[in-house]
Amino acid sequence: MSEARLRPVDLARGQGLSTQAVRNYEEAGILPPAARTPTGYRVYTPLHARALRTFAALAPGHGHQTATAIMRAVNEDALDDALALIDDSHRQLRTDRHTLTAVEHALRDLAATVPVTHQTADTFVGPLARQLGVRPATLRRWERAGVVRPRRDPATGYRVYTPADVRDARLAHQLRRGGYLLEQIALVLDQVRAAGGVAPLDAMLHGWRERLAWRGRAMLTGAAELDAYLRERDASLAA
């Protein structure tokens, strides 16, 4: 019995795509090459449908670009390359988890000692250094590390610290006293800025952890689909 034949529209409907998208995926190597009829029409098989489902399952966890590279490597019989790409994605997810944990620990250390500033006016490097009990050179080093981000006065070129910059400098000072490295502090302050302050961070960190968990689950789903595609592909090649 010959293998079932599918039209581009059959694959497209199964994934909610256009037929042009299916052709684009084939050209990108996401699908294995399709056979052609004598009149030049593409003929797809259930293996192509499986490849399309596999790509759709890989993309949420690995991203479109990496999922494309994984499928291309598989279809070019470069399985080791495909598995290495998957390893890299898992390594990045692990790094993101470590980053989140470092931020959570740093913020927990700050919880009881969050500095409060009632400053409403801008200030300069000298007065701020005196407030914190550090040297101006220390603030400049923090700036180079991305910990504080003062603007420059266009007329004088002096560093100008807004009240938000002063808050960041006070947080940085507290974290430095707790033994955190500048690169760790820069990560924490990036999250503080993104959240609009320290208070909203609990919800943001919870959302961050949920997104990491979702990516991990998506990678598991993608792995299961890829394994099924590899099995079906091996059987098709052996037939």
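Across T68, L58, D80, I70, a single residue satisfies side-chain contact (heavy atoms from CB on, under 4.5 Å) together with L85, and that is I70.
Side-chain contact between R50 and R233: absent, with no pair of heavy atoms (C-beta onward) separated by less than 4.5 Å. Considering only heavy atoms from C-beta on, Y25 stays 4.5 Å or farther from M71 through its side chain. Within the 4.5 Å cutoff, side-chain heavy atoms of F124 are placed close to those of V160. Counting heavy atoms from C-beta on, the side chains of R215 and S89 never come closer than 4.5 Å. Under the 4.5 Å side-chain criterion, counting only non-hydrogen atoms from C-beta, T138 is not in contact with L132. Side-chain contact between R176 and V134 is absent, with no heavy-atom pair separated by less than 4.5 Å. Residues R7 and Y41 have side chains not in contact (no heavy-atom distance under 4.5 Å, counting atoms from C-beta outward). Contact of the R159 side chain with the R140 side chain is registered, since non-hydrogen atoms from C-beta on lie closer than 4.5 Å.
Counting non-hydrogen atoms of neighbouring residues, nucleotides and ligands closer than 6.0 angstrom, the CZ atom of R193 exceeds 12 such neighbours. In this structure, R151 places its CZ atom where more than 12 heavy-atom neighbours from other residues, nucleotides or ligands lie under 6.0 Å away.
Aromatic ring pairs are classed by plane angle as parallel below 30°, tilted from 30° to 60° and perpendicular above 60°; the pair H64 and F55 is perpendicular.
The line from CG of D88 to OG1 of T95 is 10.5 Å long, rounded to the nearest 0.5 Å. Taken to the nearest 0.5 Å, the CG atom of L31 stands 12.0 Å off from the CZ atom of R23. Rounded to the nearest 0.5 angstrom, L52 CG and Y44 OH are separated by 9.5 Å. Taking CZ of R5 as the reference point, atom CG of D10 lies at 12.0 Å (rounded to 0.5 Å). Atom CD of E210 is separated from atom CG of L212 by 10.5 Å, given to the nearest 0.5 angstrom.
Of all heavy-atom pairs spanning N75 and P32, the tightest one is ND2-N, 3.7 Å. What you find for A169 and L128 is that their closest heavy atoms are CB-CD2, 4.0 Å. Taking both residues in full, the closest heavy atoms of A186 and A145 are given as CB-O, 3.6 Å, listed atom of the first, atom of the second, then distance. Closest heavy-atom contact between R72 and A28: NE-O, 3.1 Å. Scanning all heavy atoms of the two residues, the minimum distance from P46 to L6 falls at N-CD1, 3.9 Å. Nearest heavy-atom pair, V147 versus A172, reported as atom, atom and distance to 0.1 Å: CG1-CB, 3.3 Å.
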Next on the checklist: If you apply the rule side chain to side chain contact (heavy atoms under 4.5 Å, CB included), what do you find for Q15 with L11, and how did you get there?
Outcome noted: CA-CA 7 Å; Q15 292 296 325; L11 268 66; over 6 Å; no
Checklist entry - Should V192 and R167 be marked as a side chain to side chain contact (heavy atoms under 4.5 Å, CB included) after you check the CA-CA gap, both sets of side-chain angles, and the distance that decides it? => result CA-CA 10 Å; V192 170; R167 175 207 64 195; 3.8 Å; yes
Item to check | Steps toward side chain to side chain contact (heavy atoms under 4.5 Å, CB included) verdict (T54, V74) | outcome: CA-CA 11 Å; T54 300; V74 168; over 6 Å; no
Next on the checklist: I'd like to know whether L100 forms a side chain to side chain contact (heavy atoms under 4.5 Å, CB included) with R97, so could you lay out the CA-CA distance, the side-chain angles of the two residues, the decisive distance to 0.1 Å, and finally the verdict.
Outcome noted: CA-CA 5 Å; L100 172 59; R97 288 189 187 281; 5.7 Å; no
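The pair R149-D190 counts as a salt bridge, with a side-chain nitrogen and a carboxylate oxygen less than 4.0 angstrom apart. Classification of D87 and R91 as a salt-bridged pair fails, no side-chain N sitting under 4.0 Å from a carboxylate O.
By the side-chain hydrogen bond (donor to acceptor under 3.5 Å, both in side chains) test, H98 is found to be paired with no residue, residues two or more places apart in sequence or in another chain being considered.
Residues L83 and I30 fall within the same hydrophobic cluster, defined by Ile, Leu, Val, Met, Phe, Trp and Tyr side chains chained together at heavy-atom separations under 4.5 Å.
With hydrogens and angles left out, the side-chain atoms of N24 and Q20 include a donor and acceptor closer than 3.5 Å.
Sorted by first and then second residue, the ring-ring contact (aromatic ring centres under 6.0 Å, His included) pairs with a member in residues 197-238 form an empty list; sequence neighbours excluded.
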